[in-house]
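In this chain, residues are counted from 1 in sequence order. First listed ligand is number 1; within each ligand, the first listed atom is number 1. Given the structure is predicted, the values throughout are model-derived calculations rather than measurements.
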Amino acid sequence: MKHRLAVVGCGNMGRAVVRGLLREGWAEPQQIIATNPNPEKTQALAAELGVDVSNDNSRAVREAEVVLLGVKPQIIKSALKDLRGRVGPDQLVLSIAAGISTRFIEYYTESTPVVRAMPNLSVTVGMGATAVCPGTHCTPDHLQVATDIFESVGTVERVSERLMDAVTGLSGTGPMYVFHVLEALGDAGVKMGLPRDVATRLAMQTVRGSARLVQESGEHPAELRDSVTSPGGTAITALHVLRKEAFSAILMDAVEAATRRSAELGE
Ligand SMILES: NC(=O)c1ccc[n+]([C@@H]2O[C@H](COP(=O)([O-])OP(=O)(O)OC[C@H]3O[C@@H](n4cnc5c(N)ncnc54)[C@H](OP(=O)(O)O)[C@@H]3O)[C@@H](O)[C@H]2O)c1
């Protein structure tokens, strides 16, 4: 049977996407083939996901409709060499490697359509935020295939390629910022006398509920913040500290640094 999807380098992100696609019925397990150079790891992948597996990238991609490049940016060159001459215009190469441009990929894949995507770790729980952009030979249909794939594990934004490093700095790296905030809020609760598990659950639900409120109300976050900041209350007292310590500027600096690093990875 012709494989609909080959996942070259099926690690954390690759596995999350495969799980989402199987859950959504995009493909049957036997229409997906996942690769890893290590036979023990491919055996584990087969047991975990029920998909076909291979230790040979070149063979795995030959019969696939879509090739998802799930390897780290540092080793993408060697994976692309395995694809050279083995993929063609009837296939789609979908790369999730941070910082790696479609032009770089097209050097190896030639006339094969390429879509570059930047998902985030939340695809693991079906709540990812992914941005996609088209390469030179990509049609709206190819972009739609990529969109369908990432919508199986969250939401998708279409952007131009020049914005992909900014996406990487914001949402690609984003779960780390939120984990850090959750840890800090948990610590703060403990410092104020709450048991650790209670503090963590309260912090988690607060972040989840606040994001949902912004999403469902359609209001700007600043409007919602103003609505909870009553005169002489706790919120304005806490906001004074955040402003004094330049909390917003720290987050902006962090996103800017991650965006720069993404660009460096592609050099
Ligand atoms: N993690 C994130 O939050 C995140 C977010 C957005 C985008 N990304 C991008 O997603 C990609 C994958 O990240 P990840 O976190 O899923 O990494 P990962 O878990 O390390 O997955 C990469 C997989 O590729 C395998 N591999 C290594 N060399 C290979 C080769 N020559 N051929 C085939 N497979 C090979 C690795 O096997 P071994 O384990 O044996 O080395 C591993 O299973 C990266 O390019 C990253 O930039 C990641």
Could you identify the single nearest non-hydrogen protein atom to [atom] and state the distance to 0.1 Å?
atom: atom 45 (O) of ligand 1; value: Val71 O, 2.6 Å
atom: atom 15 (O) of ligand 1; value: Lys72 NZ, 3.5 Å
atom: atom 21 (O) of ligand 1; value: Gly11 CA, 3.2 Å
atom: atom 24 (O) of ligand 1; value: Gly9 CA, 3.3 Å
atom: atom 19 (O) of ligand 1; value: Asn12 N, 2.9 Å
atom: atom 41 (O) of ligand 1; value: Lys41 NZ, 4.5 Å
atom: atom 6 (C) of ligand 1; value: Pro119 O, 3.0 Å
atom: atom 47 (O) of ligand 1; value: Ala98 N, 3.0 Å

Please report the closest heavy-atom contact between Val18 and Cys10, naming both atoms and the distance.
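Of all heavy-atom pairs spanning Val18 and Cys10, the closest is CG2-SG, 4.4 Å.
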
I'd like to know if Ala79 contacts ligand 1, where contact means a heavy-atom distance under 4.0 Å to any ligand atom.
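Under 4.0 Å: no for Ala79.
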
Do Leu21 and Val7 land in one hydrophobic cluster if side-chain heavy atoms of ILVMFWY residues count as linked below 4.5 Å?
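Yes: a chain of side-chain contacts under 4.5 Å links Leu21 to Val7.
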
Is Phe179 linked to Phe247 within one hydrophobic cluster, defined over Ile, Leu, Val, Met, Phe, Trp and Tyr using a side-chain heavy-atom separation of less than 4.5 Å?
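No, Phe179 does not connect to Phe247 through the hydrophobic network.
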
Below 4.0 angstrom from a heavy atom of [X], which ligand 1 atoms are there? Numbered from 1 as shown, please.
X: Gly70; answer: 11 (C), 12 (C), 21 (O), 22 (C)
X: Met118; answer: 6 (C), 7 (C)
X: Ala97; answer: 45 (O), 47 (O)
X: Ile75; answer: 27 (C), 28 (N), 29 (C)

Quick check: does Asn57 get an N/O under 3.5 Å from an N/O on ligand 1?
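Among all N and O atoms of Asn57, at least one is under 3.5 Å from an N or O of ligand 1.
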
Would you check whether Met13 has a nitrogen or oxygen atom less than 3.5 angstrom from a nitrogen or oxygen atom of ligand 1?
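There is such a contact, yes.
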
Taking 4.0 angstrom as the limit, do Arg4 and Glu28 come out as a salt bridge?
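No, this pair does not count.
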
Ion pair Arg196/Asp187, N-O distance below 4.0 Å:
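Here Arg196 pairs with Asp187 in a salt bridge, since their nearest N and O are under 4.0 Å apart.
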
Between the candidates Ser54, Gly128, Pro37, which shows the shortest non-hydrogen contact distance to atom 35 (C) of ligand 1?
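It is Pro37 whose heavy atom sits nearest to atom 35 (C) of ligand 1.
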
Where the closest heavy atom to atom 10 (O) of ligand 1 is concerned, which of Val8, Asn36, Ile96, Leu265 has it?
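Selected option, by shortest heavy-atom distance: Ile96.
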
Point-to-point distance, once rounded to the nearest 0.5 Å, from CZ of Phe150 to CG of Asn120
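Phe150 atom CZ to Asn120 atom CG measures 10.5 Å (nearest 0.5 Å).
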
Would you say CD of Glu151 has more than 12 non-hydrogen atoms from neighbouring residues, nucleotides or ligands within 6.0 angstrom?
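Atom CD in Glu151 is crowded, with more than 12 foreign heavy atoms closer than 6.0 Å.
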
Near Gln74 CD, under 6.0 Å, is it more than 12 heavy atoms from other residues, nucleotides or ligands?
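Yes - once you tally the heavy atoms of other residues, nucleotides and ligands closer than 6.0 Å, there are more than 12.
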
Pick from [options]: which one makes a side chain to side chain contact (heavy atoms under 4.5 Å, CB included) with [X]?
X: Leu49; options: Val51, Asp52, Val53; result: Val51
X: Glu106; options: Thr136, Leu80, Val93; result: Thr136
X: Val132; options: Leu143, Val159, Ile96, Ile149; result: Leu143

